[in-house]
There are 2 protein chains.
Amino acid sequence: MTKDMTPLLGYRLKLAQHALHRRMEEALKPLGLNPAQYAVLAELNARPDQTNADLAERAFITPQSMQGVLAKLEGLRLVERRQDVRHGRRQLARLTPDGYAKAEAANAEMMRVEEVLEAAVHPDTVQGAVDLMDRLHGAMCK
Amino acid sequence: MTKDMTPLLGYRLKLAQHALHRRMEEALKPLGLNPAQYAVLAELNARPDQTNADLAERAFITPQSMQGVLAKLEGLRLVERRQDVRHGRRQLARLTPDGYAKAEAANAEMMRVEEVLEAAVHPDTVQGAVDLMDRLHGAMCK
DNA sequence: GTGATAATATCAGGGGCCTGATATAATATA
DNA sequence: TATATTATATCAGGCCCCTGATATTATCAC
């Protein structure tokens, strides 16, 4: 008979991320956003005028999926897309004033979640935890 | 302007789990399984005769979602469900012989992934990494 | 310059998980 | 016993992300 999976590291990693995702969803719900939408707003806040393809790559989803996210955010008037003047195909996305306000509000909520997460690393250090995550990520990507 | 999110622990946690999930998907693909289906087979291998509700709770998905997973596994003749003789509503799921063989094969693949993951914790210990994940999980569930 | 290749956006369809609603059987309670 | 509550299964519809396919524009190779 196969051994019980619950003590395994991969299982715990999944559990922790799942709980984080739920927590983020709950925190963003009052703002009318989901984690993917928040990620786009935060990214455009940090680096305006990115293409759909750029945003998809940074968010680790396909351009087709990001297309849907951007279309939704455009419909909510949080993001606007304008033709790149020097490129007939590219459309550069940026935050509207409403989008900027929403991004700031959402970021405050996400920072609160991050603080709770970082507090839980004790007695490890945040840097130690970050390094560990990076090693796990690297091992799974090789 | 909002700070860049990439150095944050939550972001790294998401990345690591995402990579693990992809790795599991790839390893299971030749067997015709996805991670959710594997989780059910492994669970039924460890503890046969569970209800849809039991399995859903252990897998952290809704009974409605598990219903779809079980229906699929039944269609593949990897799982069978029988009426609980002492309970008119419950249906107890168990592995078929094919399901058992598939569970064993999948488990071997998953163990290989787990080994790669655990090797990456160095210079930390596996137990230290597991404990960290548990603390992060606990902090996100409170 | 012309044709091949790559980049970009976007449509169509599918899979997995979700919420809401419903039906049925077991269990608790009056 | 009769009724209310709980547990279980399951249908319907929606959201998010996926793959595949297509159109259009840039860019590269010759």
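Reminder, nothing fancy here: chain letters follow the sequence lines and each chain counts from 1.
Per the geometry, CG belonging to L55(A) stands 17 Å off P belonging to dA7(C), to the nearest Å. One interatomic measurement links the two molecules: CG of L33(A) to P of dC16(D), which rounds to 11 Å at whole-angstrom precision. We find that CZ of R82(B) is positioned 19 Å from P of dT8(D), with the value rounded to whole Å. Between the CZ atom of R81(B) and the P atom of dT8(D) there is a distance of 14 Å, rounded to whole Å. Going from atom CD1 of I61(B) over to atom P of dG16(C) covers 10 Å, rounded to whole Å. Rounded to a whole Å, the CG atom of L70(A) is 13 Å from the C1' atom of dT8(C). In this structure, H87(A) atom NE2 and dA9(C) atom C1' are separated by 11 Å, rounded to whole Å. Rounded to whole Å, atom C1' of dA9(C) lies 16 Å from atom CD of Q50(A).
The side-chain contact (heavy atoms from CB on, under 4.5 Å) search around H21(B) returns Q17(B), E25(B), P35(B), not counting sequence neighbours.
Distances from the side chain of Q37(A) to the nucleotides dT10(D), dA9(C), dC16(D) place dC16(D) closest. Distances were taken from every side-chain heavy atom of Q67(A) (C-beta onward) to each of dA9(C), dA9(D), dC18(C); the shortest belongs to dA9(C). In this structure, the nucleotide among dC17(C), dA9(D), dA9(C) sitting nearest to the side chain of A53(B) is dA9(D). In this structure, of dA9(C), dC17(D), dT10(D), it is dC17(D) that holds the atom nearest to the side chain of A36(A). Among the nucleotides dT10(C), dT10(D), dA26(C), the one closest to the side chain of Q64(A) is dT10(C). Listed nucleotides: dA9(D), dT10(C), dC18(C). Nearest to the side chain of R22(A): dC18(C). Side chain of S65(A), nearest nucleotide from dC16(D), dC18(D), dA9(D): dC18(D).
In this structure, E109(B) pairs ionically with R112(B), as a charged nitrogen and a carboxylate oxygen lie closer than 4.0 Å. The pair R77(B)-D98(B) does not meet the salt-bridge criterion, since no charged nitrogen lies less than 4.0 angstrom from a carboxylate oxygen. Electrostatic pairing of D124(B) and R135(A) counts as a salt bridge here, judged by a charged N lying under 4.0 Å from a carboxylate O. With respect to the salt-bridge test (charged N to carboxylate O, under 4.0 angstrom), the residues D84(A) and R89(A) do not qualify. Remark: E43(B) engages R47(B) in a salt bridge, criterion side-chain N to carboxylate O under 4.0 Å.
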For nucleotides 22-24 of chain C, which of its nitrogen or oxygen atoms have a protein nitrogen or oxygen under 3.5 Å away, and what is each distance?
| unit_1 | atom_1 | unit_2 | atom_2 | d |
| --- | --- | --- | --- | --- |
| dA23(C) | N3 | R89(B) | NH2 | 3.2 |
| dT24(C) | O2 | R89(B) | NE | 2.8 |

**Study point:** Derivation and outcome, side chain to side chain donor-acceptor pair (under 3.5 Å), residues Q83(A) and R90(A)
**Key:** CA-CA 6 Å; Q83(A) 198 78 29; R90(A) 278 183 203 152; over 6 Å; no

**Study point:** Worked verdict on L136(B) versus R12(A) for side chain to side chain contact (heavy atoms under 4.5 Å, CB included)
**Key:** CA-CA 10 Å; L136(B) 298 181; R12(A) 306 300 179 96; over 6 Å; no

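Of the side-chain N and O atoms in N34(B), one or more sit less than 4.0 angstrom from OP1 or OP2 of dG16(C).
Taking the nucleotide of DNA chain D with the nearest heavy atom to each of R90(A) and L92(B), the more 5' of the two is matched to L92(B).
Looking at heavy-atom distances under 4.0 Å, T62(A) makes contact with a base. Among the atoms of the strands shown, none is found under 4.0 Å from any heavy atom of R86(B).
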